[in-house]
Structures are given as C-alpha cells and as structure tokens.
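Accompanying notes for the structure given below.
Count residues from 1 along the sequence.
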Amino acid sequence: MNKSEKYYIKQYQQKGYVTDYQIRNENLIDLKSKKEYKPEDIFIVAEHRFEGMTDPSDMSILYVIEAKNNSRGTVLVPYGAANVTSLAEFFAMIPKENCTNKVNIDNQ
C-alpha cells in the first residue's frame, strides 16, 4: 500500500509532532509561538519522499523536525525541476549532523 502525505502527517501528529511552521526571511517560524529558527536550530528526525501521481518529477518531502526548544512538527516541502523554494533551500542548509531517522515510523 502506498501511504500518502496525509497518512504520515496524521501518524506523527499522534506522536506529538503538531507544530506548524512557515518560512520567513530565511528562518523557519513556529506559527503559534512566533519563535524563529535558523537551519542549525533544526533537527530532522525522519523524512519521507513522495513522487507526483501524474508527474514523477513533481516530488515532495515530508520532514519530521524537532527544534532546539523542543518544538516538534512536520513540514511538507515541494521539490522538482522547476520548484526550488525558499523552504527547500532552508532544509538544504540544515547541518548533516542534525539529520537522523530516529523517529521514522517505517523503521519501528
């Protein structure tokens, strides 16, 4: 069974990853607390890649993240040949040592 973005988001929300984020001025913003994070403040604890149904070059990646102050949530980032966004650029700048798969539900 192919699991959708919505399926994964719901699974992680049930585990407490409920914060919503937005990119602004090259920082990730917690929409509730308004706290701003730089790439080095973010830890990717799982990620899931999805290809577009009609166009495989339309991709998205669901990042499951934790911030330095224990803010936890998910961010769905569109990727593709013509779709390099400021959000995608932000996630590309997160230090490699901040990336693990420690809470990936597919590994449990």
Side-chain angles (χ1 to χ4, degrees):
M1 173 180 102
N2 256 352
K3 298 173 185 166
S4 69
E5 291 100 327
K6 287 181 182 180
Y7 167 84
Y8 282 102
I9 291 169
K10 185 175 180 182
Q11 295 299 309
Y12 286 108
Q13 285 174 336
Q14 291 172 357
K15 293 180 174 289
Y17 291 85
V18 296
T19 302
D20 292 317
Y21 302 94
Q22 178 180 12
I23 195 80
R24 188 177 324 133
N25 299 329
E26 298 181 7
N27 290 322
L28 199 64
I29 310 294
D30 177 326
L31 293 179
K32 191 178 280 184
S33 73
K34 306 300 182 212
K35 175 107 174 91
E36 294 190 16
Y37 302 102
K38 296 189 177 315
E40 59 270 17
D41 299 329
I42 298 296
F43 297 86
I44 298 171
V45 294
E47 70 177 60
H48 300 276
R49 296 174 184 267
F50 306 93
E51 286 186 1
M53 293 272 239
T54 56
D55 184 353
S57 69
D58 287 339
M59 290 181 30
S60 61
I61 300 177
L62 177 66
Y63 291 107
V64 183
I65 63 172
E66 297 177 2
K68 282 192 172 176
N69 71 341
N70 295 322
S71 174
R72 300 181 343 160
T74 59
V75 180
L76 188 62
V77 179
Y79 278 89
N83 202 4
V84 176
T85 65
S86 55
L87 197 53
E89 290 171 354
F90 177 90
F91 277 89
M93 292 189 300
I94 293 174
K96 293 288 180 231
E97 61 269 17
N98 288 12
C99 302
T100 67
N101 239 349
K102 69 179 186 178
V103 302
N104 189 319
I105 59 174
D106 287 343
N107 297 341
Q108 297 174 1

Quiz item: How about E5 and S60: does a side-chain donor come under 3.5 Å of a side-chain acceptor?
Solution: yes

Quiz item: What heavy-atom pair brings P95 and P39 nearest, and what distance separates the two atoms?
Solution: CD-O, 3.7 Å

Practice problem: Would you check, one step at a time, whether the test side chain to side chain contact (heavy atoms under 4.5 Å, CB included) holds for Y8 with L76? | Solution: CA-CA 11 Å; Y8 282 102; L76 188 62; over 6 Å; no

Quiz prompt | N107 side chain near K102 side chain, heavy-atom distance below 4.5 Å | solution = no

Quiz prompt | A88 to P78 - nearest heavy-atom pair and separation | solution = CB-O, 4.4 Å

Quiz item: Relative to the ring of H48, is the ring of F50 parallel (under 30°), tilted (30 to 60°) or perpendicular (over 60°)?
Solution: tilted

Exercise. Using a 4.5 Å cut-off on heavy atoms from C-beta on, say whether the side chain of V103 contacts that of V64.
Key: yes

Quiz item: At their closest point, which heavy atom of Y7 faces which heavy atom of I105, and how far apart are they?
Solution: CE2-CD1, 4.3 Å

Quiz item: Taking atom types as modelled, is there a side-chain donor on E66 or Y17 under 3.5 Å from an acceptor on the other?
Solution: yes

Quiz item: Taking atom OH of Y21 and atom OH of Y63, what is their separation to the nearest 0.5 Å?
Solution: 15.0 Å

Quiz item: What do the steps show when you test K35 against N69 for side chain to side chain contact (heavy atoms under 4.5 Å, CB included), and what is the final call?
Solution: CA-CA 9 Å; K35 175 107 174 91; N69 71 341; 4.0 Å; yes

Quiz item: Salt bridge check: are R49 and E51 linked by an N-O gap of less than 4.0 Å?
Solution: no

Quiz item: With sequence neighbours left out, what residues match D41 under salt bridge (charged side-chain N to carboxylate O under 4.0 Å, His left out)?
Solution: K68

Self-check item: Side-chain heavy-atom pair I94, Y37 within 4.5 angstrom cut-off
Solution: no

Self-check item: Non-hydrogen atoms of N101 and E47 that approach each other most closely
Solution: OD1-N, 3.5 Å

Quiz prompt | Inter-residue atom distance E26.CD - R24.CZ, 0.5 Å rounding | solution = 13.5 Å

Quiz item: So which pairs with a foot in residues 10-20 pass salt bridge (Lys or Arg N to Asp or Glu O under 4.0 Å), sequence neighbours left out?
Solution: none

Quiz item: Are the side chains of L28 and I65 in touch, meaning some heavy atoms are under 4.5 Å apart?
Solution: yes

Quiz item: What distance separates S71 OG from K32 NZ, expressed to the nearest 0.5 Å?
Solution: 10.0 Å

Quiz item: Does the side chain of I9 reach to within under 4.5 Å of the side chain of L62, using non-hydrogen atoms?
Solution: yes

Self-check item: Pairwise side-chain contact, F43 with T100, heavy-atom cut-off 4.5 Å (strictly under)
Solution: no

Quiz item: Atom OG in S86, atom CD1 in I23: separation rounded to 0.5 Å?
Solution: 5.5 Å

Quiz item: Is there a donor-acceptor contact under 3.5 Å from the side chain of T19 to the main chain of R72?
Solution: yes

Quiz item: Does the side chain of F91 come within less than 4.5 Å of V75's, by heavy atoms?
Solution: yes

Quiz item: Would you say the side-chain atoms of D30 pair up with the backbone N or O of S33, donor to acceptor, closer than 3.5 Å?
Solution: yes

Quiz item: Hey, does the side chain of N25 reach the backbone of N27 with a donor-acceptor pair shorter than 3.5 angstrom?
Solution: no

Quiz item: What's the spacing between I42 CD1 and M93 CE if we round to 0.5 Å?
Solution: 11.5 Å

